[in-house]
Trainee: 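Below is one structure. I have some questions about it.
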There are 2 protein chains.
Amino acid sequence: MAVTMHDVAQRAGVSIKTVSNVVNGYPYIRAETRQRVQSAIEDLGYRVNMSARNLRTRRTGLITLAVPELSLPYFAELADSVISAADTAGWTVLIEQTSASRERETDVLSGRRRHLTDGLIFSPLALGPDDIALFTVDFPIVILGERVFGAPADHVTMNNVAAAKAATLHLASLGRRRIALIGAHAGEQVGSAALRTAGYLEGLAEAGLPHDPALIGEAGLWHRSTGAEAMRRMLDDGTEIDAVFALNDALALGALHALHAHGIDVPGQVALIGFDDVDDAKYSVPALSSVDPGRDQIARTAVELLLERIGATGDPAPFRRVVPDSRIVGRESTGDVAQGQEGRLVSVQEGGIETVEVASG
Amino acid sequence: MAVTMHDVAQRAGVSIKTVSNVVNGYPYIRAETRQRVQSAIEDLGYRVNMSARNLRTRRTGLITLAVPELSLPYFAELADSVISAADTAGWTVLIEQTSASRERETDVLSGRRRHLTDGLIFSPLALGPDDIALFTVDFPIVILGERVFGAPADHVTMNNVAAAKAATLHLASLGRRRIALIGAHAGEQVGSAALRTAGYLEGLAEAGLPHDPALIGEAGLWHRSTGAEAMRRMLDDGTEIDAVFALNDALALGALHALHAHGIDVPGQVALIGFDDVDDAKYSVPALSSVDPGRDQIARTAVELLLERIGATGDPAPFRRVVPDSRIVGRESTGDVAQGQEGRLVSVQEGGIETVEVASG
DNA sequence: TTGTAGGCGTTATCAA
DNA sequence: TTGATAACGCCTACAA
């Protein structure tokens, strides 16, 4: 049977409450008493029973991070950052994988596991603006991305349009004229695909390049395999290109594979840039240029906002939308650095913080 | 204030116990009563309070998975598999990152979070055979890997020696004579590095190749960067090689980068094989041959063994050691397939199950 | 088939 | 500075 505060109290010859005080760092305890309790705790190997504490305090000390899939490097790295940030603040993270399915994303908001944690950092991929009502719940949420603006929650997003535009302009500045896009979602109005595509189009316009639909490659899921397929299709169609902007790094690495398979030199014949700046990017051959959307800052900010709201009392603060700075990192795949050299910072797109008006939930 | 069973009972005009029975699927309830309770639950938006249930049942429904780092693709994919397997069985996974530090690994066994979950799947990287005593705890553990054999726990391990030997023999079978190893840990007696190195030496011996210390490249951490460095050092030293066995895929991808930077053709001049068969392997250029250690089966087996032990009553079953089959997957980097083709199965090393004698903890 | 009583281990309240 | 006592919300016995 597990050791309880009762056992410790008995052994130390004090009351249960005193043990509790010692455990929780209550300051007004005689040093001698504290010492005796500490010894008893160690002798008995006592550990606080979290379930009991949680029941009593109505807090679990856990937050949920809901992402599509951990095996996607971007989300694995994000999870790493979120866990570390939460850990520093003394909190523990529970990860939910949604597989980007509508059902599982809904479940995250109202399912079985909901009452296990005190708050949610949520990166939705299936839910959209029509589902805002689902976000009206009795626990704080921080939403990553811009699929569901208007939901009663804080948002931490990427600088998608500005960063995509900057990436496109960077390719244009290298003299590329036939810039393909890989990863588009036809007809979608919200989400990263739509925003990054918009940025791409803005970039083309600003560079004075025409928009050719043949240069748009669809890819529903942003995996290496779909990136490779989309690239292959475009090449097989005989579409003439001299640059590729892939909407994330997985797509870019897949595209790189397909380009290589077609005997096309990167960056000689085709310059390539991705998005996310995952760790892999540095080590592909050639090393992949990418957009660094400020992942670590996103993670830290999300945890910060969430814990702030969990700890908040009184009137709810207005919701905020935070956009970290993003950066274009030039590497070998755009010829920004010679082979074997580190990536270099090409440009920075500034983010910002704004307050969002939402009917309080 | 949150809705409790009490509120539901009142609304449905039944006792608390009846609500509890409905919630927990107790069969002997009149359909009409059940219906009434269900409606009350929905009207009120009632959710079970997990803390209270956990306190009462002494179960949390959570298990911990402790790994070094999620940003390492192998562990991200392992976590994905473990979460999925646990989810299927109705369990939730809490991930702890240890950064392979001794302190954090010890913490996993006895720290603050220990009482949050019912069991532990642990992939230690710092603790070793001298720390077996730490594993004598009052909750079940499944250990991944073979650093701490003898600990009172079930083990799920890779077929390290046999698989490494097979990988080495595969390179030899391609006519390679100067097979380098990347990722060795000098002086270490336990752990993946030691075992895979042993397999490499066995492979060399069986192929009748001499062991040349110049062909052994050290790399403490198995990251892409350290793999690239180790490879670079060896190349800069002018060591003659025609094949590389990297002890994991991250090292292999780093090595590939370094080989490329030196203008060396893979597999033309140097054949390359990794270990882990992470998703990246398929999409590097050239696609990376690798050892598939049976990750998914490892995850499923670990979850299965753990849940079995959590649910066990009565005398403890003897500890088991399970070794899934491993496979050599040949791709472009060993010239096993032509460019653009899928990998092919080169060989299978059979694992097995054995019972381990350990003084019961 | 349903209800009542009691306790799981902790923290909050209020005295002492 | 410390102690008694009452919840927190649920489940297990046992009774009806």
Trainee: Might you work through the ring pair (Phe, Tyr, Trp, His ring centres under 6.0 Å) test for Phe319(A) and His155(A), ending with a clear yes or no?
Mentor: CA-CA 8 Å; Phe319(A) 292 111; His155(A) 287 256; 8.3 Å; no
Trainee: Asn49(B) vs Arg58(A), test: side chain to side chain donor-acceptor pair (under 3.5 Å). Steps then yes/no.
Mentor: CA-CA 10 Å; Asn49(B) 179 320; Arg58(A) 306 164 157 287; over 6 Å; no
Trainee: If you assign Leu55(B) and Arg30(B) each to the DNA chain C nucleotide with the nearest heavy atom, which residue ends up on the more 5' nucleotide?
Mentor: Arg30(B)
Trainee: Measuring from atom CD of Glu308(B) to atom OG1 of Thr301(B), what distance do you get when rounded to the nearest 0.5 angstrom?
Mentor: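 Rounded to the nearest 0.5 Å, the CD-OG1 separation comes to 10.5 Å.
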Trainee: Is the backbone of Ala317(A) close enough, under 3.5 Å, to the side chain of Arg309(A) for a donor and an acceptor to pair up by distance?
Mentor: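 Yes, Arg309(A) side chain to Ala317(A) backbone: donor-acceptor pair under 3.5 Å.
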Trainee: Can you tell me which nucleotide in dT1(D), dG9(C), dC11(D) comes closest to the side chain of Ala52(A)?
Mentor: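 So the side chain of Ala52(A) is nearest to dG9(C).
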Trainee: Think Asn24(B) has a side-chain N or O under 4.0 angstrom from the OP1 or OP2 of dC11(D)?
Mentor: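 Yes, such a contact exists.
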Trainee: Answer yes or no: is there a donor N or O on one side and an acceptor on the other, between the side chain of Arg104(A) and the main chain of Ser99(A), under 3.5 Å?
Mentor: no
Trainee: If I take atom CD1 in residue Ile29(B) and atom P in nucleotide dG3(C), what distance separates them, rounded to the nearest angstrom?
Mentor: 10 Å
Trainee: Quick one, which residues of residues 12-21 of chain B touch DNA chain C with a heavy atom under 4.0 Å?
Mentor: Val14(B), Ser15(B), Lys17(B), Thr18(B)
Trainee: Could you tell me the separation between the CD atom of Glu32(A) and the C1' atom of dT2(D), rounded to a whole number of Å?
Mentor: 13 Å
Trainee: Can a side chain N or O of Thr57(B) be found less than 4.0 Å away from OP1 or OP2 on dT12(D)?
Mentor: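 For dT12(D), OP1/OP2 do not have a side-chain N/O of Thr57(B) under 4.0 Å.
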Trainee: Could you check whether the side chain of Arg56(A) and the base of dA12(C) have a donor-acceptor pair of N or O atoms closer than 3.5 Å, going by distance alone?
Mentor: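 Result: no qualifying N/O pair found.
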Trainee: Over how many whole Å does the gap from Arg58(B) atom CZ to dG7(C) atom C1' extend?
Mentor: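 Checked: the CZ to C1' distance equals 10 Å.
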Trainee: What is the distance, rounded to the nearest whole Å, between atom CD of Gln35(A) and atom C1' of dT2(D)?
Mentor: 18 Å
Trainee: If you check every side-chain atom of Tyr26(A), which of dT2(D), dT11(C), dT1(C) has the closest atom?
Mentor: dT2(D)
Trainee: Rounded to whole angstrom units, what separation is found between the CZ atom of Arg59(B) and the P atom of dG9(D)?
Mentor: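 In whole Å, dG9(D) P lies 24 Å from Arg59(B) CZ.
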Trainee: Within this structure, what is the CG-to-P distance between Asn49(B) and dC8(C), rounded to whole angstrom?
Mentor: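 Going from Asn49(B) (CG) to dC8(C) (P), I get 18 Å.
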Trainee: Take the protein atom CZ of Arg53(B) and the nucleotide atom C1' of dT10(C), then report the distance between them rounded to whole Å.
Mentor: 20 Å
Trainee: Hey, does Val23(B) reach any base, or is it just sugar-phosphate, or nothing, if we go heavy atoms under 4.0 Å?
Mentor: nothing
Trainee: Tell me whether Arg320(B) contacts the main-chain N or O of Val356(B) through its side chain, where contact means a donor paired with an acceptor under 3.5 Å.
Mentor: no
Trainee: Measure from the side-chain N and O atoms of Asp118(B) to the backbone N and O of Arg59(B), and report whether any donor-acceptor pair falls under 3.5 Å.
Mentor: no
Trainee: Rounded to whole angstrom units, what separation is found between the OH atom of Tyr28(A) and the P atom of dG3(D)?
Mentor: 18 Å
Trainee: Across the strands shown, which category fits Ser51(B) at heavy-atom distances under 4.0 angstrom: base, sugar-phosphate, nothing?
Mentor: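 Contact class for Ser51(B): none.
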